[in-house]
J.: 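The structure that follows is given in the form of structure tokens.
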There are 2 protein chains.
Amino acid sequence: MEDLERMPRPSPLGDRITVTLHYLVDRMDRYADQLLQERFGMSYSQFMFIAVLADLAPPPDITTLATCLGVSKAAVSKRVPSFVEAGWVATRADPANARRVLLEITPAAGRLLDEALPVLERSFTETFDDLDGVDLTRLHDDLKTVIRHLDSKEH
Amino acid sequence: MEDLERMPRPSPLGDRITVTLHYLVDRMDRYADQLLQERFGMSYSQFMFIAVLADLAPPPDITTLATCLGVSKAAVSKRVPSFVEAGWVATRADPANARRVLLEITPAAGRLLDEALPVLERSFTETFDDLDGVDLTRLHDDLKTVIRHLDSKEH
DNA sequence: GAAATTTGGTCAACCTGTTGACATTCAAGG
DNA sequence: CCTTGAATGTCAACAGGTTGACCAAATTTC
């Protein structure tokens, strides 16, 4: 962050909803990242990796986790060793298929999630509950409608 | 894209607005990227670099462009050579400051923008104009309200 | 059952971002 | 002047993403 001005920057491409969306997502990610870094010594991206993995049952293989994270299997394959080394993920062989690598979180990662999830949740609600003039539920529904609309257009 | 399932994936972290926002932004970016790749042989990221640069006057230095793009100056510094080589950007020295590197788009990049911007614009409006049940202007205003709210909380 | 295809993982090469350290230049202050 | 400090750009090392090529294992097809 060394040299980034993080306040609203002059929007050179006008007042477009796409620009606003990017800015908001960046903002939220940066916030979550900072919180996780300070309190738990991990990045948002690492947190998501473990949180998504933890929610998958039975233990997924690399391809399945990649799909759920929305990235390529090569991306997951490359990251696994560092997670194993950090003690957050354990790999296991699939007795039924010698090619597959099954992934599980470790108990340590489970404890970390049990701590971090409520912290994130609390900071999220604290941030949003006194937002007046905006109905968050409606906003969320609108966003989902837009997505459904895009899906229906087969982009 | 080789192996990514791009349809809605099981959302392992529940029905959160943050997840929805990420998904929507990804979706839009991927769409723009594909369009620009097919029609103009450039990525969305390259397009943004040039489009933002084109809107800045007078010709910005590397630090200014970095700020406007929302990335570090090292990131811009590294990318400049490839843009120069592609014939989209020209660098110039600042007579008043030997350290500064001033950046400008080339006429070729200008013509490319003149072509690409309306194409993007048209595909955007075509995609969104028959969206019923959602007031895009209100949606945009809501998003901006959320951002203002975050800004006011000094995150 | 052998051959062809699909599936799963890894690798190399690349793109794009970060931070921190560094050199250089410019602007001030003594 | 000359020294100090801020501004500017670059570099190295890293994190994380992509694609395309590739191998090996599993599955399908003939």
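Below, chain A is the first sequence line, B the second, and so on; all start at residue 1. Predicted model only: the values in this text are computed from it and were never measured.
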J.: Would you state whether a donor and an acceptor, one from the side chain of R99(B) and one from the base of dT8(D), lie under 3.5 Å apart?
T.: yes
J.: Tell me the closest heavy-atom pair linking G87(B) and T106(B), and the distance in Å.
T.: O-OG1, 2.6 Å
J.: Look at all strands and tell whether S82(B) reaches a base, only sugar-phosphate, or nothing, counting heavy atoms closer than 4.0 Å.
T.: nothing
J.: Measure the distance from CZ on R100(B) to C1' on dT25(C) and round it to the nearest whole Å.
T.: 12 Å
J.: OP1 or OP2 of dG9(C) versus the side-chain N and O atoms of T63(A): is any pair under 4.0 Å?
T.: yes
J.: Where each residue is assigned the nucleotide of DNA chain D containing its nearest heavy atom, which of K78(B) and D94(A) is assigned the position nearer the 5′ end?
T.: K78(B)
J.: Among the candidates dG9(D), dG9(C), dT18(D), find the nucleotide nearest to the side-chain atoms of D61(B).
T.: dG9(D)
J.: Map A75(A) and N97(A) onto DNA chain D by nearest heavy atom, then report which one ends up closer to the 5' terminus.
T.: A75(A)
J.: Look at S72(A) and dT18(D) and indicate whether a side-chain polar atom (N or O) is within less than 4.0 Å of OP1 or OP2.
T.: yes
J.: Which residue pairs pass the salt bridge (Lys or Arg N to Asp or Glu O under 4.0 Å) test with at least one member in residues 32-45 of chain A, sequence neighbours excluded?
T.: none
J.: Please check if any side-chain donor atom of D61(B) sits under 3.5 Å from a side-chain acceptor atom of T64(B), or the reverse.
T.: yes
J.: Round to a whole Å and report the spacing from CD of Q37(A) to C1' of dA15(D).
T.: 12 Å
J.: Can you check the D33(B) CG to dT16(C) C1' distance for me, whole Å?
T.: 13 Å
J.: Tell me: CG of L102(B) to P of dT8(D), nearest whole Å?
T.: 11 Å
J.: So what does A98(A) touch, heavy atoms closer than 4.0 Å: a base, only the sugar-phosphate, or nothing?
T.: sugar-phosphate
J.: Could you state the atom-to-atom distance from NZ of K73(A) to C1' of dA25(D) in whole Å?
T.: 13 Å
J.: Atom CG of D29(A) to atom C1' of dG17(C): distance rounded to whole Å?
T.: 14 Å
J.: Within less than 4.0 Å of OP1 or OP2 of dG17(D), is there a side-chain N or O belonging to R79(A)?
T.: yes
J.: Please work out which of the three classes, parallel, tilted or perpendicular, describes the rings of F83(B) and F49(B), given edges at 30° and 60°.
T.: parallel
J.: By the salt bridge (Lys or Arg N to Asp or Glu O under 4.0 Å) test, which pairs, at least two apart or in different chains, include something from residues 88-98 of chain A?
T.: R92(A)-E104(A), D94(A)-R100(A)
J.: For the pair made of CG in L65(A) and P in dG17(D), what is the distance, rounded to whole Å?
T.: 11 Å
J.: Which nucleotide wins on minimum distance to the side chain of V71(A), given the candidates dT18(C), dT18(D), dG9(C)?
T.: dT18(D)
J.: Examine dG9(D): is either OP1 or OP2 under 4.0 Å from a nitrogen or oxygen in the side chain of S77(B)? Give yes or no.
T.: no
J.: Expressed as a whole number of angstroms, how long is the span from M42(B):CE to dT16(C):P?
T.: 11 Å
